[in-house]
A.B. asks: 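Below are the structure tokens for one structure; questions will follow.
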Amino acid sequence: MADTTFLRAEAVSRSYGGTELSGVRNITLDITPGKITAIIGESGSGKSTLLRLLYGLLSPDAGRVSFMGERIWGPEEKLIPGHDDMKMVTQHTDDLNLFARVWDNVAAMLPSTDIKAKEEKTEQVLRQLNMMHLSLKRVADLSGGEKQRVAIARAIITRPKVLLLDEPFNQVDTSFREGLQHDIRQIVKETGLTVVMVSHDPAEVLSMADELIVIKQGEIVETGHPKELYNHPQNLYTAELLTNCNVLNTDEAKACGIKTDKQAIVVYPEWIRLSNVLKTSEWLVKEILFKGPYEDLILENKGVILRAVNNEPDTYKEGDVVGVKVKRWLSPL
Ligand code: ADP
Ligand code: MG
């Protein structure tokens, strides 16, 4: 029977020696084709290691990585490391030719056997990534974010089946980042490209990913759809990665009117209802962090600090006393 799996890791471990907690351990996962999978975790949790194992830049100490049923070759077995059907883009875009034009950097990835096809494909990719206006510029004259676009264009022009992205948007300005994220989503929809990305930016993974893999200290702690993991995280670690949430102990929970014997409960800032009618507990507005369309209020009551979202900026000022009602709370592990 034909093996129908796509990109798969089975009980994969890789340690760098030295400290016990380096690398990744016992990773089993299946990447869904045609979707965007995001690997999230705190710094040092093993995200880059996992991506390099999937690509074949690293060999596992134990376990097996396979693509379409075939084992991925490690760098010891392959002259040019990395699987031919995959491309990887990291923050380090060193392989760009800084003194050549954007167009030539991208076109150079294709063979010159069919010049017409080469030109058509180059134009198509530059259009898909909204960078036709940059095509005649030298790469050296581009911003960090624009260089990242060139690196991504070079990666996708050869039509890989899988695009691996290791925090490639870090250098991209926030305003441009959303555009690039949108363009990549669009390419995934149009071409069926599979993307595996690593990120620690919650806004990015929540808006971009179809599936999330959460890793902590080299191990997968949970996986799922972004909305599902956001609303029902099984682990405190996941909640803290995805949102700037309030983590309260039993006594602190009591100050919010929550009776629980749980060691730690989680209240998202948007689950707090504020009111001037002080029927509930009374909280002092210590600080207001203006965020444009909304603001974050830092509230205090008997030494307990709470972060709440206020969708109607300017309703309160620092020093005000407000009533707080917690609409929802969670008790993840
Ligand atoms: P992340 O990308 O999530 O920040 P990494 O995969 O880069 O994490 O690293 C995971 C762990 O392995 C970290 O503790 C890191 O220090 C260690 N590590 C990564 N690369 C090496 C290496 N080449 N040599 C030794 N330790 C490493
Ligand atoms: Mg990394």
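Computed from a predicted model, the values in this text were never measured in an experiment.
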A.B. asks: Quick one: do V304 and I265 end up in the same hydrophobic cluster if we chain Ile, Leu, Val, Met, Phe, Trp and Tyr together by side-chain heavy atoms under 4.5 Å apart?
C.D. replies: yes
A.B. asks: Would a hydrophobic clustering, with Ile, Leu, Val, Met, Phe, Trp and Tyr connected at side-chain separations under 4.5 Å, put L126 with L98?
C.D. replies: yes
A.B. asks: Kindly indicate whether the side chain of L289, heavy atoms from C-beta on, has any atom under 4.5 Å from the side chain of I298.
C.D. replies: yes
A.B. asks: Can you check whether T223 reaches V214 side chain to side chain, under 4.5 Å on heavy atoms?
C.D. replies: no
A.B. asks: Yes or no on side-chain hydrogen bond (donor to acceptor under 3.5 Å, both in side chains) for Q181 and E204, after CA distance, side-chain angles and deciding distance?
C.D. replies: CA-CA 8 Å; Q181 290 166 358; E204 183 165 289; 3.0 Å; yes
A.B. asks: To the nearest 0.5 Å, tell me how far K161 NZ sits from M86 CE.
C.D. replies: 10.0 Å
A.B. asks: Side-chain contact test, heavy atoms from C-beta onward, threshold under 4.5 Å: evaluate it for T28 versus V12 and give yes or no.
C.D. replies: no
A.B. asks: Give a yes or no on whether the backbone of I80 and the side-chain of K78 come within a donor-acceptor separation of less than 3.5 Å.
C.D. replies: yes
A.B. asks: Is any side-chain heavy atom of D166 less than 4.5 Å from a side-chain heavy atom of V89?
C.D. replies: no
A.B. asks: May I ask you to decide if I36's main-chain N or O and E211's side chain share a donor-acceptor pair within less than 3.5 Å?
C.D. replies: no
A.B. asks: Give a yes or no on whether a salt bridge exists between D141 and R138, defined as a side-chain N under 4.0 angstrom from a carboxylate O.
C.D. replies: yes
A.B. asks: How many angstroms lie between atom CZ of R149 and atom CD1 of I184, to the nearest 0.5 angstrom?
C.D. replies: 8.0 Å
A.B. asks: Quick one: do the T49 and Y16 side chains pair a donor with an acceptor below 3.5 Å?
C.D. replies: yes
A.B. asks: Measure the spacing between CZ of R14 and OG of S59 and express it to the nearest 0.5 Å.
C.D. replies: 7.0 Å
A.B. asks: Provide the closest heavy-atom pair for G56 versus I72 in the form atom of the first, atom of the second, distance.
C.D. replies: CA-CG2, 3.6 Å
A.B. asks: Check whether L96 and V102 end up in the same hydrophobic cluster, where Ile, Leu, Val, Met, Phe, Trp and Tyr are linked by side-chain heavy atoms less than 4.5 Å apart.
C.D. replies: yes
A.B. asks: With the 4.5 Å side-chain cut-off for hydrophobic clustering, are L206 and Y294 part of the same group?
C.D. replies: no
A.B. asks: Do L129 and V150 touch side chain to side chain, with heavy atoms closer than 4.5 Å?
C.D. replies: no
A.B. asks: If hydrophobic clusters are built from ILVMFWY residues whose side chains come within less than 4.5 Å, do L241 and V247 share one?
C.D. replies: yes
A.B. asks: Is there a donor-acceptor contact under 3.5 Å linking the side chains of S45 and Q217?
C.D. replies: no
A.B. asks: So which atom in W329 and which in I258 form the shortest heavy-atom distance, rounded to 0.1 Å?
C.D. replies: CE2-CG2, 3.4 Å
A.B. asks: Using the ring centroid of each side chain, check whether F169 and F176 are separated by less than 6.0 Å.
C.D. replies: no
A.B. asks: Classify the side-chain pair T158/K87 by whether it contains a donor and acceptor separated by less than 3.5 Å.
C.D. replies: yes
A.B. asks: How close do T194 and P33 get, counting heavy atoms only, and between which atoms?
C.D. replies: OG1-CA, 3.3 Å
A.B. asks: Check whether any side-chain heavy atom of L299 lies under 4.5 Å from a side-chain heavy atom of L274, and answer yes or no.
C.D. replies: yes
A.B. asks: List the steps, then state whether side-chain hydrogen bond (donor to acceptor under 3.5 Å, both in side chains) holds for E167 with S199.
C.D. replies: CA-CA 5 Å; E167 312 212 25; S199 176; 5.5 Å; no
